[in-house]
2 protein chains.
Amino acid sequence: MARPSRAPVAPPAEEGNRRAELIRTAGRLFREKGFDATTIRDIAAAVGMRSGSPFYHFKSKQDLLKAVMIEGLDVALVGMRAVAGRGGSPEELFRDLVHAHLRLILDPANDFSILLYEWRSLTEESRAEVIAAKDRYEEVWRVALEPLVEQGRIGGGRLAHLFVFGALNWIVQWYHPEGGLSIDQVAGKAVDFLLRP
Amino acid sequence: MARPSRAPVAPPAEEGNRRAELIRTAGRLFREKGFDATTIRDIAAAVGMRSGSPFYHFKSKQDLLKAVMIEGLDVALVGMRAVAGRGGSPEELFRDLVHAHLRLILDPANDFSILLYEWRSLTEESRAEVIAAKDRYEEVWRVALEPLVEQGRIGGGRLAHLFVFGALNWIVQWYHPEGGLSIDQVAGKAVDFLLRP
DNA sequence: CCTACCGATCGGTAGG
DNA sequence: CCTACCGATCGGTAGG
């Protein structure tokens, strides 16, 4: 009564906010416990919903995982392209990419790291979509690495970027912030390992 | 009647064979589908048992995973120590270790690779046991790497072995036998990447 | 987004 | 190692 029916026609930001909240929370739980071990009920409870409600925003649990991954890759790609656009020598570019990548996968506020280990949980179609996004991300790296491989600063030839990804992505397995090394310090050590003098 | 009661007192090899068969089959399925996505029924069916029977050999699904991992690490450790005992220069030893490690994690007949990605599925106690076995394995590597790091043939200082493991273990993510490279060829490329001239 | 619920599946067990 | 079964849980849905 007090409020006239001037309420917005299309549900505004709020709807997107809840969706974004689900993605963020699901990402965190998937990372902490794994996709299979995380239930829709866990996710719903963590955002203050009832168990059936996430399905109002996502048609399946799979779909939620796909959204988490693509969201993560989009954020990553934007960041990487910004770095790549800064210019500088191949070595400087490489250093910057390593630092940016590690901040991305090691930051606990980020859920990028589930991209590394939950491929198997995606359906065939979702996987194709996510792989396409991943390929765009890797392309930035391949281009950046090429001159360094050619100069002999990085070994491994055509496989160099795969070995580089391995050395970097594996860090999520052993890095702990309390260990005394900052992310940037680890990045420095990684560059020292990867790049020949 | 025809056969006198000279049947063996303790159930012989057969019992161990069934157990070993369960470990081998469970390992393959865990690797293919992941621990959570593999059911006891899958495993039982694959070895020709009924769904309840694996629990005659293992008291829980967890226990079966632990057995798969420890079995895998034991096999690996024996192989690695044999390599380490062969002697030779630090560089030769390193090459040999890389080849042996990759044969271990890339051979589809082996289930060593699930060690890399199913830590989360272990209970606290099982994990401690498996980590102890893993530490023994890594020790071989740390010793072998030390002189090379000191000579500047490998970068990364104290973290060198972690970066090396990363570059090597990541290979399971992208290697396909049909890709035209043999395991030993990939190993050669890996050494080229890791070891400075 | 909630209520109320389903169908299916799953790890595990008793009792032989 | 099988038969027969349980208790719990889970993804998902109808209907509002």
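Every heavy atom of this structure was used, including side-chain atoms; hydrogens, water molecules and symmetry mates were not.
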Query - Touch class at under 4.0 angstrom, heavy-atom based, for Thr39(B) against every strand present - result: sugar-phosphate
**Report entry** Base-pairing mate for dT3(D) - Watson-Crick or G-U, with both contacts under 3.5 Å
**Finding:** dA14(C)
Report task. Please confirm whether Phe165(A) and Trp174(B) have ring centers closer than 6.0 angstrom. Result -> no
Query raised in the report: When you match Lys61(A) and Met49(B) each to their closest nucleotide on DNA chain D, which lands nearer the 5' end?
Result: Met49(B)
**Report entry** His101(B)-Tyr137(B) aromatic ring centre distance below 6.0 Å
**Finding:** yes
**Report entry** No-hydrogen, no-angle side-chain donor-acceptor test under 3.5 Å, Glu129(A) and Ser126(A)
**Finding:** no
Query - First-last contacting nucleotides on DNA chain D - partner chain B, under 4.0 angstrom, heavy atom - result: dC1(D) to dT3(D)
Report summary line: Heavy-atom nearest pair, Ala187(B) first then Val98(B), reads O-CG1, 4.0 Å
Report summary line: In terms of heavy-atom contacts, Lys134(B) and Trp119(B) come closest through CD-CZ2, 3.7 Å
